[in-house]
Amino acid sequence: MFMGTYEHGLDAKGRVIVPAKYRENLGESFVVTLGLDGCLFAYPMEEWEGFIDKLKELPGTKEARKLQRHFMANAAPCDVDKQGRALIPAKLRESAGLTKDIVFVGVLSKIEIWSKDRWEENDDYGNIDDIAEHMSEFGLSF
């Protein structure tokens, strides 16, 4: 499970240090793809395979096909080098607006990778009480 928030810088070659707290669960190889809300999603291989299984189960609707393409067409394998760095493909860096300052956010079975600017724009929990109240419909209570 991933949790916590960490900031790191992107180097000139597009590499970023993967937070040490995430490396063990992420593994030496993982998958990065376009996420939602303007970030990237990073999955350990085992979690990625489970996610693919869920994508396969979606109905054959136009929306489901778009969602499958969104995640699969933009997916790329990444490796962590001996210095703990991973090269994020240029296309994905560009799509997520990653230029210098990167924010890693652990969200259960995946990691969200944000540009610091986008993270600060989306890091708004002013209505979290209302959101939490509606989650009781899904069996989550506080």
- Query: Between F51 and F41, is a ring pair (Phe, Tyr, Trp, His ring centres under 6.0 Å) present by the stated rule, with each step listed?
  - Reply: CA-CA 11 Å; F51 181 65; F41 289 166; 7.6 Å; no
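Scanning both residues, V16 and G9, for their nearest heavy atoms gives CG2-O, 3.6 Å. The two residues F104 and I17 have their closest heavy-atom pair at CE1-O, 3.6 Å. Contact record, D79 with S29: OD1-OG, 2.6 Å, taken as the closest heavy-atom pair. Heavy atoms only, all atoms of each residue included: A64 and L58 are closest at CB-CB, 3.8 Å. Taking both residues in full, the closest heavy atoms of C78 and L87 are given as SG-O, 3.4 Å, listed atom of the first, atom of the second, then distance. Here the shortest heavy-atom pairing between A42 and I113 reads CB-CD1, 4.0 Å.
Among L98, I111, I102, the one residue that satisfies the side-chain contact (heavy atoms from CB on, under 4.5 Å) test with L40 is L98. Considering L67, T33, I52 in turn, I52 is the only one that fulfils the side-chain contact (heavy atoms from CB on, under 4.5 Å) rule with M72.
With hydrophobic clusters built from ILVMFWY side chains whose heavy atoms lie under 4.5 angstrom apart, Y6 shares a cluster with I88. Cluster membership for W114 and L10, using ILVMFWY side-chain heavy atoms within less than 4.5 angstrom, is not shared. Put simply, M45 and Y43 are part of the same group of oily side chains (I, L, V, M, F, W, Y) that touch within less than 4.5 Å, one to the next. Using a 4.5 Å cut-off between side-chain heavy atoms of Ile, Leu, Val, Met, Phe, Trp and Tyr, with links allowed through other members, L36 and L108 fall into different hydrophobic clusters. Clustering ILVMFWY residues whenever any of their side-chain heavy atoms sit less than 4.5 angstrom apart, transitively, puts L34 in a cluster other than the one holding F71.
For the 3.5 Å distance criterion, the side chains of E121 and W119 fail to qualify, holding no donor opposite an acceptor.
The shortest distance between side-chain heavy atoms of R65 and E63 does not fall below 4.5 Å. When side chains are defined from C-beta on, K62 counts as touching K66, because their heavy atoms get closer than 4.5 Å. Between H8 and P19, the closest side-chain pair of non-hydrogen atoms falls below 4.5 Å.
Crowding of Q83 atom CD: a count of heavy atoms from other residues, nucleotides or ligands under 6.0 Å exceeding 12.
Between Y22 and F2, a ring centre-to-centre spacing shorter than 6.0 Å is recorded.
If you take CG on N74 and OG on S95, they are separated by 6.5 Å, rounding to the nearest 0.5 Å. From R93, atom CZ reaches atom OG of S115 across 13.5 Å, with rounding to the nearest 0.5 Å. Rounding to the nearest 0.5 angstrom, the gap separating the CD atom in E49 from the CD atom in E47 is 10.0 Å. Between the CZ atom of R23 and the CD atom of E28 there is a distance of 11.5 Å, given to the nearest 0.5 Å. Distance check, rounded to the nearest 0.5 Å: CE of M3 to CG of N25 gives 9.5 Å. Once rounded to the nearest 0.5 Å, the distance linking CD of E133 with CD1 of I128 reads 12.0 Å.
Between E7 and K116, at least one side-chain nitrogen of the basic residue sits less than 4.0 Å from a carboxylate oxygen of the acidic one, meeting the salt-bridge criterion.
Although no hydrogens or angles enter the test, the distance criterion places no donor-acceptor pair under 3.5 Å between the side chain of R85 and the main chain of R15. Side-chain atoms of Q68 come within 3.5 Å of backbone atoms of L55 as a donor-acceptor pair (strictly under, hydrogens ignored).
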